[in-house]
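Some notes on the structure that comes next.
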There are 2 protein chains.
Amino acid sequence: MSSIVVKDNMLTTHRKQQILALLKSQGQVVAKDVSRQMGVSEDTIRRDLRELAQEGLLQRVHGGALPSSPAIADFAGRERLTPDGKSAIGRAAALMVQPGQVVILDGGTTARQLARHLPADLRATIVTHSPTIAIELIHHPEIEVILIGGRLFKHSVVAMGAAALESIANIRADTFFMGVTGVHPRAGLTTGDFEEAAIKRALSHAAAETFVLASSEKLNAASPYSVVPLAEISGIITESSTDPALTEPFEKLRIPVIRA
Amino acid sequence: MSSIVVKDNMLTTHRKQQILALLKSQGQVVAKDVSRQMGVSEDTIRRDLRELAQEGLLQRVHGGALPSSPAIADFAGRERLTPDGKSAIGRAAALMVQPGQVVILDGGTTARQLARHLPADLRATIVTHSPTIAIELIHHPEIEVILIGGRLFKHSVVAMGAAALESIANIRADTFFMGVTGVHPRAGLTTGDFEEAAIKRALSHAAAETFVLASSEKLNAASPYSVVPLAEISGIITESSTDPALTEPFEKLRIPVIRA
DNA sequence: ATTTATCGTGCAATTTCGTGCAATGTCAAG
DNA sequence: CTTGACATTGCACGAAATTGCACGATAAAT
């Protein structure tokens with residue numbers, strides 16, 4: 001008897017990843033089979049399939065699911081899902097990077113999503129003050145990584161301080177993808193640490209264009225420290241499911257809003 | 001009974017490192033399980049997971065956490081125990097660091113061992129051009145980490161280039177712990193990459209004392225590019241099992257050899 | 001056309017989350 | 001030694017997420 005159900009803890013995100021892995025190796029998945037194999041009800045698997053289809057990672061069919069496209073199948077195998085599907089922002093932003101460009105990446109989870117979704121054949125230069133993002137990009141075959149040094153801020157694991165500001169002053173980049181804790185029509189871009197705000201401001205000024213990566217809960221929120229006013233940014237990238245009422249104040253100010 | 005809870009002083013930093021180690025070895029961590037295993041409440045584990053996620057070292061999901069990316073998991077987790085004597089070398093070198101000192105750490109596996117063995121209550125400043133070592137030290141409660149930036153050399157994952165050299169020029173440290181590929185009585189300290197040699201040379205000149213971390217197979221070996229002559233270093237640290245015949249040429253040159 | 005399998009939704013039970021709060025421990029200044 | 005500021009931890013409680021089941025709708029199959 002080979003199919004003894006191993007009934008141990010399985011995190012829900014991990015289950016979805018395994019479904020994607022199954023899909024990649026077998027070319028299709030059947031809801032009933034998967035449910036038995038993973039020891040959960042069919043309803044749960046169906047919900048997973050629905051959500052994965054919503055993210056475009058597979059294609060629903062009666063009885064189970066198929067890869068959404070052959071190209072995605074490879075990609076989806078190594079995809080690391082975010083609990084809420086916010087990788088769409090990173091994916092969309094990654095597609096904005098043109099070959100040969102010099103791009104500054106902020107620290108934070110959203111920028112990490114961006115790094116993860118850079119096409120494998122994209123030749124570009126990524127500048128970052130986040131050692132974790134730098135390491136993330138180490139295995140990319142074509143990307144050149146410039147690490148900004150400085151005193152390491154333990155809370156968010158990014159380089160800060162005078163040394164970092166000095167290094168940034170020597171950089172002229174095409175685009176800066178910034179993460180913030182608040183994007184507010186009047187307060188502009190804000191964050192929760194004073195020195196961090198200064199770094200983000202310097203990075204923004206070092207790039208010709210600045211785009212803000214902001215999931216919906218960041219919109220119309222404000223934190224204590226101001227980074228730059230809204231007028232200085234080229235656009236806001238948010239997820240497609242964001243309520244239009246949340247983006248409307250920014251569109252009224254003629255700030256382009258890109259929905260991923 | 002295997003699950004005897006080891007109820008000794010568990011510094012919060014060590015707990016986080018253990019969580020990362022678990023995550024690396026198991027591919028996932030479940031909050032409830034970890035809390036039982038470590039003898040603290042689930043709330044505490046959840047707090048740890050939140051903070052680690054904030055630092056980008058793992059990815060929070062309902063019920064526990066997953067690696068933030070395969071690359072980070074490789075570096076952030078404690079790896080298999082000491083394949084060789086490098087751990088002992090690192091431990092011995094770590095004990096040489098005095099409170100309040102400013103110490104430069106080279107890249108490479110031996111230096112990483114050193115970073116791991118720094119006493120939990122040691123207050124000091126560590127300067128490094130290796131993002132992996134920087135991340136390793138992030139959870140140390142007392143260590144201040146200065147990261148040297150620059151173009152990231154993909155092979156050994158350290159910052160190099162003009163920017164790195166410039167940053168180093170501004171540093172005056174007490175000790176530099178250097179890793180090399182060869183320590184030879186006549187050729188001196190050598191390594192396999194030209195630019196890397198320049199960086200090591202600069203780091204060495206930025207410190208009052210330089211110690212070489214060299215496992216036995218590095219002794220009496222030489223690589224193409226010279227870093228500094230033997231006369232400029234304060235000592236060689238090697239494992240205790242090293243054949244005395246290998247160290248004898250250096251002792252004859254009055255270079256102190258420390259056996260770990 | 002009828003039968004069977006699959007699907008989607010509402011709903012309730014359970015688990016997990018996040019925050020406020022109090023108790024304890026640490027450390028440094030007085 | 002004492003005191004007070006601060007960090008860490010555990011507990012309580014309301015909020016949110018996950019899951020399985022019931023039931024009507026839909027799609028496939030004979």
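A note on names: the letters A, B, ... follow the listed sequences, proteins ahead of strands, and every chain is numbered from 1.
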Subject >> Interatomic distance, His14(A) NE2 vs dT18(D) P [rounded to whole Å] >> reply: 16 Å

Original post:
NE2 of His129(B) to CG of Leu147(B): how many Å apart, nearest 0.5 Å?
Top reply: 10.0 Å

Original post:
In whole Å, what is the span from the CZ atom of Arg46(B) to the C1' atom of dT8(D)?
Top reply: 16 Å

**OP:** Indicate whether OP1 or OP2 belonging to dG20(D) is found under 4.0 Å from a side-chain N or O atom of Thr44(A).
**Re:** yes

**OP:** Output, in order, the C-alpha distance, side-chain angles, deciding distance and verdict of side chain to side chain contact (heavy atoms under 4.5 Å, CB included) for Thr13(A) and Gln28(B).
**Re:** CA-CA 10 Å; Thr13(A) 308; Gln28(B) 65 170 37; over 6 Å; no

Original post:
Taking CG from Leu11(A) and P from dT18(D), how many angstroms apart are they, rounded to a whole number?
Top reply: 11 Å

Subject >> Covered region of DNA chain C, 5' end to 3' end, by chain A [heavy atoms, under 4.0 Å] >> reply: dT6(C) to dT9(C)

Original post:
Closest approach of Val227(A) and Arg201(A), non-hydrogen atoms and distance?
Top reply: O-NE, 2.8 Å

Original post:
Can you check the Met10(A) CE to dT18(D) C1' distance for me, whole Å?
Top reply: 14 Å

Original post:
Can you tell if the side chain of His155(A) reaches within under 4.5 Å of the side chain of Glu55(B), non-hydrogen atoms only?
Top reply: no

Original post:
After noting the C-alpha distance and the side-chain angles of Glu42(B) and Arg46(B), does the key distance pass the salt bridge (Lys or Arg N to Asp or Glu O under 4.0 Å) rule?
Top reply: CA-CA 6 Å; Glu42(B) 290 183 41; Arg46(B) 266 195 286 273; 3.6 Å; yes

Subject >> Contacts of Gln98(B) that satisfy side-chain hydrogen bond (donor to acceptor under 3.5 Å, both in side chains) - sequence neighbours left out >> reply: none

Subject >> Within-4.5 Å side-chain heavy-atom neighbours: Leu122(B) and Glu142(B) >> reply: no

Subject >> For Ser167(B), all residues meeting side-chain hydrogen bond (donor to acceptor under 3.5 Å, both in side chains), sequence neighbours excluded >> reply: none

Original post:
Rounded to the nearest Å, what distance is computed from the CD atom of residue Glu42(A) to the P atom of nucleotide dG20(D)?
Top reply: 11 Å

Subject >> Overall bend - the helix from dA1(C)-dT30(D) to dG30(C)-dC1(D), comparing terminal axes fitted on five pairs, nearest 10 degrees >> reply: 30°

Subject >> Separation of dT9(D) P from Leu49(B) CG (nearest whole Å) >> reply: 13 Å

**OP:** Report yes if the side chains of Ile148(B) and Thr128(B) come closer than 4.5 Å at any heavy-atom pair, otherwise no.
**Re:** no

**OP:** Could you tell me the separation between the CZ atom of Arg50(A) and the P atom of dT18(D), rounded to a whole number of Å?
**Re:** 14 Å

Original post:
With a non-hydrogen cut-off below 4.0 angstrom, is Val61(B) in contact with a base, only sugar-phosphate, or nothing?
Top reply: sugar-phosphate

Original post:
Do Phe176(B) and Glu209(B) pass the side chain to side chain contact (heavy atoms under 4.5 Å, CB included) test, and can you show the C-alpha distance, the side-chain angles, and the key distance before you say yes or no?
Top reply: CA-CA 6 Å; Phe176(B) 171 37; Glu209(B) 292 200 302; over 6 Å; no

Mind listing the N/O atom pairs, protein and nucleotides 23-28 of chain D, below 3.5 Å?
none

**OP:** Using only side-chain N and O atoms of Arg47(A), determine if any of them is under 4.0 Å from OP1 or OP2 of dA17(D).
**Re:** no

Subject >> Partners passing side-chain hydrogen bond (donor to acceptor under 3.5 Å, both in side chains) against Thr110(B) (at least two apart in sequence or in another chain) >> reply: none

